[in-house]
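One structure is given here, and the rest of the page talks about it.
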Amino acid sequence: MVRKIALEEHFLAPGLVPHWEPTVAGIPDAVVARLRRQLTDFDDERLRTMDEAGVSRAILSLAGPGVQAEPDAGRAVDLAAAANDFLAAQISRHPTRYGGFAHLPMQNPKAAADELERCVRELGMQGAMIDGQTHGQYLDEPRNDVFWERVQALDVPIYLHPADPEAEYAGFRGQPKLKRATWEWTVETATHALRLVFAGTFEKFPGAKLVLGHLGETLPYLLWRFDSRVSALYGLSEQMKHLPSFYIRRNIALTTSGMCSAEPLRCAIDAMGADSVMFSVDYPFEDSEVAREFMDTTPLDAALRERIAHGNAERLLKLT
Ligand code: MN
């Protein structure tokens with residue numbers, strides 16, 4: 001069994017349970033009860049599950065959307081700080097087994113930058129996780145420059161996690177099973193990442209690093225097409241001095257969260273490079289044993305398996 005580091009592993013903080021509950025509406029009570037138990041445990045089932053899957057360390061992040069769904073921006077700042085203090089206290093009880101991604105009040109980009117800095121410098125966290133758009137605001141908008149400037153200075157990755165779009169796309173009308181994790185979140189999250197490429201965020205902040213789950217939300221498969229459309233229709237510009245694939249390869253890394261399939265893994269490695277792909281589970285929403293079996297047995301040479309299972313994460317997250 002290869003040793004693994006996992007970086008899309010979730011928990012719930014006491015003050016943010018009401019923000020999470022709408023995301024499990026319509027799911028059977030027994031499943032919600034199991035998720036709630038697993039998300040609030042840091043000692044027994046979580047560590048046992050990690051041991052059984054060979055996960056030496058899990059970087060924990062709040063189960064979204066957390067304060068990003070909070071209508072009161074001031075309260076979002078306070079609730080995020082409390083959630084981060086709670087996470088830091090849990091990590092300090094198992095410092096070799098856990099790390100943390102900060103939870104940030106993106107309603108206020110300056111406050112989010114300050115909180116990121118506090119979490120990295122004072123609480124020892126490895127970066128942050130952001131759950132999609134915040135009340136219709138996307139991360140490429142100029143108001144977030146103050147945030148990206150700090151991300152680049154701190155040299156920590158931002159994990160862009162799927163969340164609902166602000167409004168429903170008409171194509172999902174009458175097809176509720178296509179919504180959320182089936183397809184809707186892929187479209188929304190891939191679009192959000194492409195906004196950062198096309199708006200020039202990565203041109204302005206070349207050191208910024210974004211992490212996407214689900215083996216890149218389809219982006220690795222589509223690199224040639226993005227380049228071809230920009231070349232044929234728009235040309236390069238001040239915002240995009242290079243073709244999209246340049247920024248996607250340079251500024252984005254991927255995890256295998258919720259994607260236990262050899263063919264897209266092969267595509268991700270070939271398209272993005274072997275340094276850009278990292279193992280993750282998405283505990284407790286995905287099955288740790290399925291993820292373990294995939295990482296241990298998918299066709300890869302031994303050295304590459306070690307890089308994807310833990311080596312790339314150790315380098316990107318500066319884990320020692
Ligand atoms: Mn997740």
Side-chain angles (χ1 to χ4, degrees), residues 4-13 16-17 19-25 27 31-32 34-42 45-46 49-50 53 55 57-69 80 83 87 90 98-104 106 125-134 139 157-165 179-193 210-219 252-261 264 268 277-292 294-295 313 316-317:
K4 303 169 189 73
I5 291 173
L7 44 153
E8 198 195 305
E9 319 310 317
H10 300 298
F11 74 96
L12 264 181
L16 288 167
V17 177
H19 298 72
W20 173 74
E21 278 169 340
T23 70
V24 287
I27 293 174
V31 176
V32 177
R34 171 180 63 79
L35 292 172
R36 193 185 294 268
R37 181 188 78 229
Q38 291 171 318
L39 286 165
T40 52
D41 159 58
F42 297 85
E45 191 175 355
R46 187 187 295 269
T49 307
M50 285 167 59
V55 176
R57 195 162 185 178
I59 310 303
L60 304 181
S61 50
L62 189 86
V67 304
Q68 289 179 251
L87 174 58
Q90 301 303 326
Y98 296 140
F101 281 137
H103 183 56
L104 300 176
M106 297 314 299
M125 292 188 192
Q126 282 72 32
M129 177 173 284
I130 297 178
D131 293 288
Q133 54 86 24
T134 305
L139 292 169
I158 300 300
Y159 199 123
L160 182 62
H161 189 277
D164 292 338
K179 293 195 68 177
R180 314 207 87 189
T182 310
W183 178 238
E184 181 182 35
W185 287 345
T186 304
V187 176
E188 172 70 4
T189 311
T191 302
H192 199 157
L210 196 76
V211 180
L212 295 174
H214 311 104
L215 284 173
E217 313 287 4
T218 70
L219 297 190
I252 298 179
L254 319 175
T255 77
T256 63
S257 70
M259 283 286 280
C260 301
S261 177
V277 183
M278 300 174 284
F279 175 76
S280 285
V281 177
D282 195 14
Y283 181 87
F285 303 103
E286 297 282 347
D287 189 322
S288 294
E289 171 54 19
V290 172
R292 179 209 64 74
F294 171 63
M295 192 68 259
L316 182 70
L317 304 175

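The basis for the numbers below is simple: all heavy atoms, side chains too, and nothing from hydrogens, waters or symmetry mates. Keep in mind the model is a prediction, meaning the values are calculated, not measured. Throughout, residue positions are numbered sequentially from 1 according to the sequence presented. Atoms within each ligand, like the ligands themselves, are counted from 1 in listed order.
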*Donor-acceptor contact present, side-chain Ser257 to main-chain His214, <3.5 Å*: yes
*On the 0 to 90° scale, with breaks at 30° and 60°, tag the Phe11-Phe42 ring pair as parallel, tilted or perpendicular.*
tilted
_Keeping Arg180 on the side-chain end and Asp164 on the backbone end, is there a donor-acceptor pair under 3.5 Å?_
no
*Near the Mn ion (ligand 1), which protein N/O/S atoms fall under 2.8 Å?*
Glu8 OE2, His10 NE2, His161 NE2, Asp282 OD1
_As an exercise, state the distance from NE2 of His192 to CG of Leu210, rounded to the nearest 0.5 Å._
8.0 Å
*Drop me the distance from Leu16's CG to His103's NE2, to the nearest 0.5 angstrom.*
5.5 Å
_Between His10 and His161 (judged by ring centroids, cut-off 6.0 Å), do the two rings come close enough to count as a pair?_
yes
